[in-house]
Amino acid sequence: MTRRMSCSLTLDAVRERRKTVTRRHVDTWSTLRPGERLTLVEKGMGLPKGAKQVIIDVVTIVDVRVEPLQLVADTEYGWAEVAREGFADMGPFEFVEFWLDSHGVNPRNFDEFMALQVRRIEWVYGDG
């Protein structure tokens, strides 16, 4: 049985297989390694009693690394990464704001933001 990862914020991009990268808090998914498989689900927690997780797809991890979130704000790298995240219609700064808000992170100042590390997870879909 593979580990499960919730994709509740990016369901359409995962279903359409446009999303191939996700960023998570640096203190999560620390044991995930390339070659492992993950089952992507609609929602992982907070399901009503008796409800079951809905499986979207199974993926194989190709890269896991820790990097500063501010890298996404860099123009060239950022545009490509935002598209890999499944948000091709969003700009890099807009994505960074979305990520901070959706993950409950509120840097108090510029230095704290610059130091913020995230875990970048990249995958390929089941049929590679």
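Following chains of ILVMFWY side-chain contacts shorter than 4.5 Å, one cannot reach F113 starting from V26, and the two form parts of different hydrophobic clusters. Cluster annotation: M114 and F93 are assigned to distinct hydrophobic clusters (Ile/Leu/Val/Met/Phe/Trp/Tyr, side-chain heavy-atom contacts under 4.5 Å, transitive). Both L9 and L69 sit in one connected hydrophobic cluster of ILVMFWY residues. Membership requires side-chain heavy atoms under 4.5 Å apart, directly or through other members.
Pairing each heavy atom of P92 with each of G78, the nearest pair is CG-C, 3.8 Å. The minimum heavy-atom distance linking S6 with E42 is given by the pair OG-O, 3.6 Å. Residues E85 and V21 share a closest heavy-atom pair of OE1-O, 3.2 Å. Taking each heavy atom of T10 and K19 in turn, the nearest pair found is OG1-CD, 3.3 Å. Nearest approach of R23 to W99, heavy atoms of both residues: O-NE1, 2.9 Å.
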Next on the checklist: Go through it in stages, so that I can follow the logic: the residues are V72 and V82, the test is side chain to side chain contact (heavy atoms under 4.5 Å, CB included), and I'd like the CA-CA distance, side-chain angles, deciding distance and then a yes or no.
Outcome noted: CA-CA 7 Å; V72 177; V82 171; 3.9 Å; yes
Checklist entry - Given the rule in the side chain to side chain contact (heavy atoms under 4.5 Å, CB included) test, do V64 and R119 qualify, once you have shown the distances and angles that lead to the verdict? => result CA-CA 7 Å; V64 181; R119 188 169 313 279; 3.9 Å; yes
Item to check | Step-by-step side chain to side chain contact (heavy atoms under 4.5 Å, CB included) determination, L100 to N106 | outcome: CA-CA 6 Å; L100 292 168; N106 186 15; over 6 Å; no
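R3 and T31 are linked by a side-chain donor-acceptor pair at a separation below 3.5 angstrom, with hydrogens and angles left out of the test. Looking at T22 and R24, their side chains do bring a donor and an acceptor atom within 3.5 Å of each other.
Between the side chain of H25 and the backbone N or O of V118 there is no donor-acceptor pair closer than 3.5 Å. Checked by atom type and distance alone, the side chain of W29 never pairs as donor or acceptor with a backbone atom of I121 at under 3.5 Å. Remark: side-chain polar atoms of E36 are paired, donor with acceptor, to backbone N or O of R33 under 3.5 angstrom.
Going from atom CZ of R84 over to atom CZ of R18 covers 14.5 Å, rounded to the nearest 0.5 Å. Taken to the nearest 0.5 Å, the NE2 atom of H103 stands 10.5 Å off from the CG atom of L116. Taken from CG in L40 to CZ in R15, the straight-line distance is 11.5 Å, to the nearest 0.5 Å.
Shown here is E16, whose CD atom has more than 12 heavy atoms of other residues, nucleotides or ligands within 6.0 Å. For R108, the CZ atom sits in a loose shell: 12 or fewer heavy atoms of surrounding residues, nucleotides or ligands are nearer than 6.0 Å.
Here T60 pairs with R37 under the side chain to side chain donor-acceptor pair (under 3.5 Å) rule; sequence neighbours left out. For T28, there are no side chain to side chain donor-acceptor pair (under 3.5 Å) partners two or more places apart in sequence or in a different chain.
By the 30° and 60° cut-offs, the orientation of the rings of F95 relative to F87 is tilted.
In this structure the side chain of I61 reaches within 4.5 angstrom of the side chain of L32, judged on heavy atoms. Using a 4.5 Å cut-off on side-chain heavy atoms (C-beta onward), T2 and L38 make no contact.
In the hydrophobic clustering, Y77 connects to L71, either directly or through intervening members, whenever side-chain heavy atoms lie under 4.5 Å apart.
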